[in-house]
Asker: 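Take a look at this one; I'll ask things after.
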Protein chains: 2
Amino acid sequence: MVSRTQKQTNISNLLDQGVSLLTDKGYHGSGLKEILAAVQIPKGSFYNYFDSKEVFAVEVIQHYIEPFIRQLEAHLQNPDLDALTAINQYFAELIAALEGNVFKGGCLLGNLMGEVGDSDEAISQALRVAVRQYRDVLQTGLSRAQQEGTVRTDKSAQEMADLLVNTWQGVLLRMKIEQSSIPLKQCCESLLGEYFRV
Amino acid sequence: MVSRTQKQTNISNLLDQGVSLLTDKGYHGSGLKEILAAVQIPKGSFYNYFDSKEVFAVEVIQHYIEPFIRQLEAHLQNPDLDALTAINQYFAELIAALEGNVFKGGCLLGNLMGEVGDSDEAISQALRVAVRQYRDVLQTGLSRAQQEGTVRTDKSAQEMADLLVNTWQGVLLRMKIEQSSIPLKQCCESLLGEYFRV
DNA sequence: ATTATAAATACGACCGGTCATCTTGATTTT
DNA sequence: AAAATCAAGATGACCGGTCGTATTTATAAT
């Protein structure tokens, strides 16, 4: 037997490859053929696993955001760190990863928001869900930072989390064309290091 | 005679249509056929005017940003307004326009940065030039606002202009999936209304 | 001024290749 | 044996781009 979970393995590989290809080349720029060739899966199998490219993209989006949320939560659950320090460390890791990736790709969510965020309803909804999930985790962290007295309390944690998420998306775009991490660092320093502080 | 400047008219129409189509459907999502059909121009003519779709996109980018720069400069040159008020009014107009457009499209620069900003060198360069031109105008305005005493001077005008441009790109993405102008307004209130102020 | 020549532009049929999707037959599972 | 699952190729629409040619405009020669 080829293992009872071959299907699950295939799907998992497709989603992994989908994340990296969709991030790099966008929705319309990524062909099924290329994705399938990378994972060595026949075209027919793909349409057994997913109803369409659109549905595939939706699942790729969910698959994409989970590790980021887990990583951020891991920092926030570190008992040695106050919440603001945890968030700062998390973003420092993101920046290091992007530098290691020579500023290629950026964020799948941001890229797809720009490309099809207002033209494909299913993808738009998946993006909305993912962004809000991510925002909620940041909001929880900022809220704790407020209780810990490191972050101002005259602005709501949600408003700050939204601004941070949105600005982060913007600086990721800027990073791509400047091939530089300076925008990323300025974002963190300005918001986390100054504007949000008490 | 069909007018001696038919070629110029055609090119101008193509660029106008290119702005709206590329903004709405992205680079890979916009087909030449659709652009040509909209302006009633044969494909052969297109390739007389432009060497390639890529070159066309580069010219579309330059064509796109000019009105925004002129509009912002017009506000800044209004002798009745201090610079910060002029910038605020400019963004208020942008928000009104986006609301009137039911949050469709967003910014061509941001959309293309995400889609091909790290994969197409010619387009990337055109985007870099356009974004910096735009940033420079904002920087000039913020610099005057510093002299006028309405904006803090412990941060450089360029750094603030960059943060504003980048955050604006991010909130435009968020706007698209939330179908709401709230992110836009929060961006202006937070940065122009609070963080940048003395 | 008129003609001859050249250069530029207009035009759409057409190219190879790629797209997302469907159909069909093989294989596996029950 | 029946049903579900899967693999592989077929399908036609569409992609960006090229081609030869028709037409117009500009230049040169008489």
Side-chain angles (χ1 to χ4, degrees), chain A residues 1-15 17-19 21-22 24-61 111-112 115-116 119-124 126, chain B residues 1-61 112 115-116 119-124 126:
Chain A
M1 83 176 186
V2 230
S3 151
R4 249 184 57 248
T5 59
Q6 187 59 52
K7 177 179 176 180
Q8 300 307 324
T9 303
N10 284 348
I11 290 181
S12 178
N13 287 341
L14 279 170
L15 290 176
Q17 186 62 29
V19 163
L21 202 59
L22 284 176
D24 283 350
K25 325 218 326 184
Y27 183 70
H28 290 113
S30 300
L32 262 348
K33 185 182 174 182
E34 191 175 356
I35 299 175
L36 297 169
V39 233
Q40 299 256 69
I41 288 181
K43 200 173 266 196
S45 302
F46 177 88
Y47 278 95
N48 271 326
Y49 305 149
F50 306 99
D51 284 345
S52 67
K53 184 187 184 185
E54 185 189 32
V55 166
F56 175 65
V58 166
E59 300 199 21
V60 166
I61 289 167
N111 297 351
L112 290 184
E115 188 185 355
V116 290
S119 62
D120 188 306
E121 186 44 48
I123 294 181
S124 177
Chain B
M1 82 175 187
V2 231
S3 153
R4 256 189 45 253
T5 57
Q6 187 60 52
K7 176 179 176 180
Q8 299 308 322
T9 303
N10 284 348
I11 290 181
S12 178
N13 287 341
L14 279 169
L15 291 176
D16 286 341
Q17 186 62 29
V19 164
S20 92
L21 203 59
L22 285 176
T23 301
D24 283 351
K25 323 219 324 186
Y27 183 70
H28 294 297
S30 301
L32 262 341
K33 186 182 174 184
E34 190 176 358
I35 299 175
L36 297 169
V39 270
Q40 300 258 63
I41 289 180
K43 190 177 271 194
S45 301
F46 177 89
Y47 278 96
N48 263 332
Y49 306 149
F50 307 98
D51 285 344
S52 65
K53 184 188 183 185
E54 184 189 32
V55 167
F56 175 65
V58 166
E59 299 199 22
V60 166
I61 289 167
L112 290 185
E115 188 184 355
V116 290
S119 61
D120 188 306
E121 187 43 50
I123 294 181
S124 178

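Please read these numbers as outputs of a predicted model, since none were measured by experiment. Each chain gets a letter, A, B and so on, in the order its sequence line appears, and its residues count up from 1.
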Asker: Would you mind reading off the distance between B:Asp120 atom CG and D:dG16 atom P, rounded to a whole angstrom?
Answerer: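 For the pair B:Asp120 CG and D:dG16 P, the rounded distance is 14 Å.
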Asker: To the nearest angstrom, how far is B:Asn48 atom CG from D:dC19 atom P?
Answerer: 13 Å
Asker: Name the closest nucleotide to the B:Ser45 side chain, picking from C:dC11, C:dA20, D:dT18.
Answerer: C:dC11
Asker: Taking atom P of D:dC14 as reference, at what distance in whole Å does atom NZ of A:Lys53 sit?
Answerer: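 It is 15 Å, rounded to the nearest whole Å.
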Asker: Rounded to the Å, how far apart are A:His28 NE2 and D:dC14 C1'?
Answerer: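 These atoms are roughly 13 Å apart.
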Asker: Between B:Ser30 (side chain only) and B:Gly26 (backbone N and O only), is there a donor and an acceptor less than 3.5 Å apart?
Answerer: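 Yes, B:Ser30 side chain to B:Gly26 backbone: donor-acceptor pair under 3.5 Å.
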Asker: Is it the case that atom CD in B:Glu121 sees more than 12 heavy atoms from other parts of the structure closer than 6.0 Å?
Answerer: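 Atom CD in B:Glu121 is packed in, count exceeds 12.
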Asker: Rounded to whole Å, please give me the gap between CZ in A:Phe46 and P in C:dC19.
Answerer: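 To the nearest whole Å, that distance equals 13 Å.
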Asker: Do the side chain of B:Lys33 and the base of D:dG16 come within less than 3.5 angstrom through a donor-acceptor pair of N or O atoms?
Answerer: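 Checked by distance alone, the answer is no.
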Asker: Could you work out which one of C:dA10, D:dG17, D:dC6 sits closest to the side chain of B:Ser52?
Answerer: D:dG17
Asker: Tell me what B:Phe56 touches on the nucleic acid: a base, only sugar-phosphate, or nothing, going by heavy atoms under 4.0 Å.
Answerer: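 If one applies the 4.0 Å heavy-atom cut-off, B:Phe56 turns out to touch nothing in the nucleic acid.
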Asker: Quick check on C:dA10: is either OP1 or OP2 less than 4.0 Å from any side-chain nitrogen or oxygen of B:Tyr49?
Answerer: yes
Asker: So does A:Glu34 pair up with A:Lys25, basic N to acidic O under 4.0 Å?
Answerer: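 Salt bridge flag = yes for A:Lys25 with A:Glu34.
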Asker: Can you tell me how far the CD1 atom of B:Ile61 sits from the CG atom of B:Leu22, to the nearest 0.5 Å?
Answerer: 8.0 Å
Asker: Please state how far atom CD in B:Gln40 lies from atom C1' in C:dG12, giving the value in whole angstrom units.
Answerer: 14 Å
Asker: Can you tell me how far P of C:dT18 sits from NZ of A:Lys43, to the nearest Å?
Answerer: 11 Å
Asker: Where the side chain of A:Pro42 is defined as all heavy atoms beyond and including C-beta, which of C:dA20, D:dA8, C:dC11 is the nearest nucleotide?
Answerer: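 For the A:Pro42 side chain, the nearest candidate turns out to be D:dA8.
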Asker: May I ask you to establish whether B:Lys53 and B:Phe46 are in a cation-pi arrangement, using a distance under 6.0 Å from NZ or CZ to the six-membered ring centre and at most 45° from the ring axis?
Answerer: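 Output no; distance or angle outside limits.
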Asker: How close or far is atom P of D:dT18 from atom CG of B:Leu32, stated in whole angstroms?
Answerer: 11 Å
